[in-house]
Amino acid sequence: LSPAEKHRFNGVSFRKTEQRKARLCVRRMRRLRHSGRQGGAFFVSRSAASSGYRSCSCAVKTEEERPMDMEEKKLTVDAAEQALPVQELPADIPAEVRQKLAEDLNDEATEDLKQDMREAEKEEANDEEVKANPEMLTKSRLLKLLIKKQYVKLREVTEEEQPADLAELLEELDENNRLVVFRLLKKDVATEAFAYMSDEARDDLVNAFSDVELVSAIEEMSLDDAADLLEDMPAGVVKRVLEKSSRQTRESLNKLLNYPESSAGSLMTPEYVRLRMDMTVEQAFAAIRKQGENAETVYTCYVVERNRLKGVVSARSLLLADPSTPITDIMDDNVVAVKVTDDQEFVAREMQRYDFTAMPVLDNEGMFVGIITIDDAIDVLTDESTEDMQKMAAILPDDDATTYFGTSVWTHAKQRIPWLLILMLSATFTGMVTTHYEEAFVSLPLLVSFMPMLMDTAGNCGNQISTCLLYTSDAADDK
């Protein structure tokens with residue numbers, strides 16, 4: 001061995017067998033280097049050598065044996081999925097839904113899927129994010145699993161996705177493919193993704209659902225999300241869904257649906273962790289384990305006696321307290337709450353003011369009826385800010401549409417005409433002023449060159465003033 005090669009062995013003494021094998025490694029590495037291949041290296045375990053093992057492992061890493069590049073990884077993933085056998089529809093899908101899926105996945109529909117898949121692959125060919133992550137779940141990969149009828153694999157890959165990412169991916173599919181994929185998802189995965197979808201995508205799914213699917217979705221959703229969904233449905237559909245829902249779900253939804261729209265009552269959820277005043281910390285943990293699965297949050301628990309809110313205790317306080325400590329010793333009895341009739345934006349601002357992750361809601365008699373969580377409060381603030389901006393720009397959608405692009409041209413024209421008339425009137429005054437100084441322009445034509453600059457300056461000043469006013473208004477609301 002050369003001095004440099006001996007140095008690589010770190011001074012470890014080998015038995016004759018290990019030395020012969022190590023020399024073979026060195027010779028192989030030298031041959032690779034002499035043949036023009038770069039990057040050769042070998043490694044011998046110190047612990048293996050010193051313990052007297054009869055075998056010595058070496059590893060030669062060359063350019064030809066480099067890690068698979070992104071394209072090779074993608075081909076490997078595709079080949080592994082194509083090697084899977086054709087699979088039957090999952091057994092937990094109801095018979096009525098199975099029949100519809102069989103119709104949607106016939107040979108004619110498969111040809112349409114292939115066309116959609118080819119178009120998706122063309123779009124993804126220039127996507128840098130897809131190139132950087134070949135194992136990423138994409139639209140083309142999802143359609144490919146449908147074409148190959150690999151339903152179990154489809155469930156596996158969608159189960160690994162975050163609900164928000166899966167919802168975004170489903171929205172990229174056309175209406176029919178989205179419905180097919182949604183029906184193939186596991187019930188809990190489908191429910192979580194459904195909550196993150198846009199209103200338009202959810203409406204498309206709901207309109208295509210049978211009563212069985214709709215009731216199943218309602219039962220799996222949190223009550224506040226289910227109430228929001230039912231509010232936008234026709235009265236006949238709501239009646240059918242409530243009739244087929246369980247008694248407990250029906251009673252809870254009826255209460256939420258009776259509150260005025262945009263009120264705290266319509267936003268709250270009655271699913272929270274409820275503790276008693278006579279409990280200890282150890283008993284509180286037992287109650288959290290029992291109620292936590294269906295609760296909206298377990299980070300804040302509420303101490304209730306005879307439907308009256310007595311105090312609030314955080315999960316942090318419970319974790320840091322001794323198991324035998326009474327709940328009354330660690331709970332906060334200085335409770336801040338809102339009424340069911342309070343406006344949603346007021347509630348969201350109060351949560352922002354007190355840095356709450358959940359706000360308790362009381363009815364008009366002071367009874368504790370539910371909580372509003374921070375994710376709903378953020379949605380309210382976002383919607384209100386968007387609505388204010390749309391009002392200022394005269395692009396607020398009408399009652400029958402949920403987006404700007406869903407509003408008819410005639411409605412947009414009606415909203416813009418008053419502003420256009422005002423601008424035309426102001427332009428008339430500008431023309432009158434210009435006519436009044438016509439003689440001055442004739443005597444000194446250079447003055448005309450200043451008119452565009454002055455008019456643009458006035459417009460820029462107006463934009464800056466409106467921006468400052470908006471910023472000041474938002475800062476005052478935040479305070």
Side-chain angles (χ1 to χ4, degrees), residues 68-187 189-190 192-194 196-198 200-210 213:
M68 291 185 297
D69 59 18
M70 299 303 180
E71 187 64 27
E72 290 172 341
K73 282 186 178 181
K74 187 176 187 304
L75 292 174
T76 303
V77 172
D78 291 345
E81 291 178 351
Q82 289 179 4
L84 293 173
V86 174
Q87 299 162 342
E88 297 295 329
L89 291 173
D92 59 348
I93 298 178
E96 180 182 352
V97 180
R98 290 171 67 89
Q99 184 178 355
K100 292 183 178 181
L101 281 173
E103 295 173 358
D104 292 333
L105 294 171
N106 56 27
D107 294 338
E108 183 179 352
T110 302
E111 292 300 320
D112 295 336
L113 284 172
K114 289 180 180 179
Q115 179 62 28
D116 294 339
M117 183 193 70
R118 286 191 287 268
E119 293 177 359
E121 286 179 338
K122 289 180 182 178
E123 294 175 1
E124 294 163 7
N126 300 322
D127 193 328
E128 296 298 329
E129 186 179 1
V130 176
K131 290 180 181 179
N133 186 9
E135 297 180 2
M136 175 183 177
L137 182 60
T138 59
K139 179 180 175 180
S140 63
R141 186 180 173 194
L142 206 57
L143 294 174
K144 197 175 294 183
L145 291 173
L146 276 182
I147 294 169
K148 298 295 182 181
K149 302 188 185 302
Q150 295 168 4
Y151 307 125
V152 175
K153 182 64 177 178
L154 186 145
R155 282 191 163 192
E156 290 176 0
V157 296
T158 51
E159 195 172 5
E160 296 171 357
E161 289 289 302
Q162 289 290 336
D165 295 335
L166 181 58
E168 185 178 350
L169 180 60
L170 290 175
E171 289 185 19
E172 294 179 9
L173 302 174
D174 62 43
E175 186 177 342
N176 187 61
N177 292 340
R178 185 190 306 137
L179 179 63
V180 172
V181 173
F182 191 85
R183 283 171 166 165
L184 288 170
L185 299 177
K186 285 187 176 181
K187 190 179 295 185
V189 175
E192 290 179 356
F194 188 80
Y196 285 94
M197 285 186 180
S198 64
E200 295 78 13
R202 288 202 291 186
D203 289 343
D204 291 339
L205 288 175
V206 168
N207 292 333
F209 280 168
S210 64
E213 292 176 288

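Here the structure is a predicted model, which means the values were calculated and not measured.
With rounding to the nearest 0.5 Å, the separation of CG in Leu143 from NZ in Lys148 is 13.0 Å. To the nearest 0.5 angstrom, Glu123 atom CD is 11.0 Å from Thr138 atom OG1. Separation of atoms CG (Asp203) and CD (Glu200) is listed at 7.0 Å; rounding is to 0.5 Å. Of the inter-residue distances, the one linking Asn133 atom CG with Glu129 atom CD reads 7.5 Å to the nearest 0.5 angstrom. Rounding to the nearest 0.5 Å gives a distance of 12.5 Å between CG of Leu184 and CD of Gln150.
The side-chain hydrogen bond (donor to acceptor under 3.5 Å, both in side chains) search around Lys186 returns Glu159, not counting sequence neighbours. Scanning for side-chain hydrogen bond (donor to acceptor under 3.5 Å, both in side chains) contacts around Glu119 gives Gln115, with sequence neighbours left out. Checked against side-chain hydrogen bond (donor to acceptor under 3.5 Å, both in side chains), Glu213 has the following partners two or more places apart in sequence or in another chain: Arg183, Ser210.
Here the side chain of Lys149 pairs a donor or acceptor atom with the backbone of Leu105 at under 3.5 angstrom.
Side-chain contact between Lys153 and Val157: present, with at least one pair of heavy atoms (C-beta onward) separated by less than 4.5 Å.
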For residues 167-181, tabulate all N or O donor-acceptor pairs below 3.5 Å that involve a side-chain atom, not counting sequence neighbours.
from: Glu171; atom 1: OE2; to: Ser198; atom 2: N; distance (Å): 2.7
from: Asp174; atom 1: OD1; to: Asn176; atom 2: N; distance (Å): 3.2
from: Asp174; atom 1: OD1; to: Asn177; atom 2: N; distance (Å): 2.8
from: Asp174; atom 1: OD1; to: Asn177; atom 2: ND2; distance (Å): 3.4
from: Asp174; atom 1: OD2; to: Asn177; atom 2: ND2; distance (Å): 3.1
from: Asn177; atom 1: ND2; to: Asp116; atom 2: OD2; distance (Å): 3.0
from: Arg178; atom 1: NE; to: Leu170; atom 2: O; distance (Å): 3.1
from: Arg178; atom 1: NH2; to: Leu173; atom 2: O; distance (Å): 3.1

Exercise answer: donor-acceptor pairs, residues 90-99 side-chain atoms, under 3.5 Å, sequence neighbours excluded:
from: Asp92; atom 1: OD1; to: Arg155; atom 2: NH1; distance (Å): 3.3
from: Asp92; atom 1: OD1; to: Arg155; atom 2: NH2; distance (Å): 2.9
from: Asp92; atom 1: OD2; to: Arg155; atom 2: NH1; distance (Å): 3.1
from: Asp92; atom 1: OD2; to: Arg155; atom 2: NH2; distance (Å): 3.4
from: Arg98; atom 1: NH1; to: Leu89; atom 2: O; distance (Å): 3.2
from: Arg98; atom 1: NH1; to: Pro90; atom 2: O; distance (Å): 2.6

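When all heavy atoms are compared, the tightest approach of Leu154 to Thr158 is O-OG1, 2.8 Å.
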Given Met197 and Leu205, is the side-chain contact (heavy atoms from CB on, under 4.5 Å) satisfied, shown in steps? CA-CA 10 Å; Met197 285 186 180; Leu205 288 175; 3.6 Å; yes
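Screening residues 152-183 for ring pair (Phe, Tyr, Trp, His ring centres under 6.0 Å), with sequence neighbours left out, gives Phe182-Phe194, Phe182-Phe209.
Under the 3.5 Å distance criterion, with hydrogens and angles disregarded, no donor-acceptor pair is assigned to the side chains of Glu121 and Ser140.
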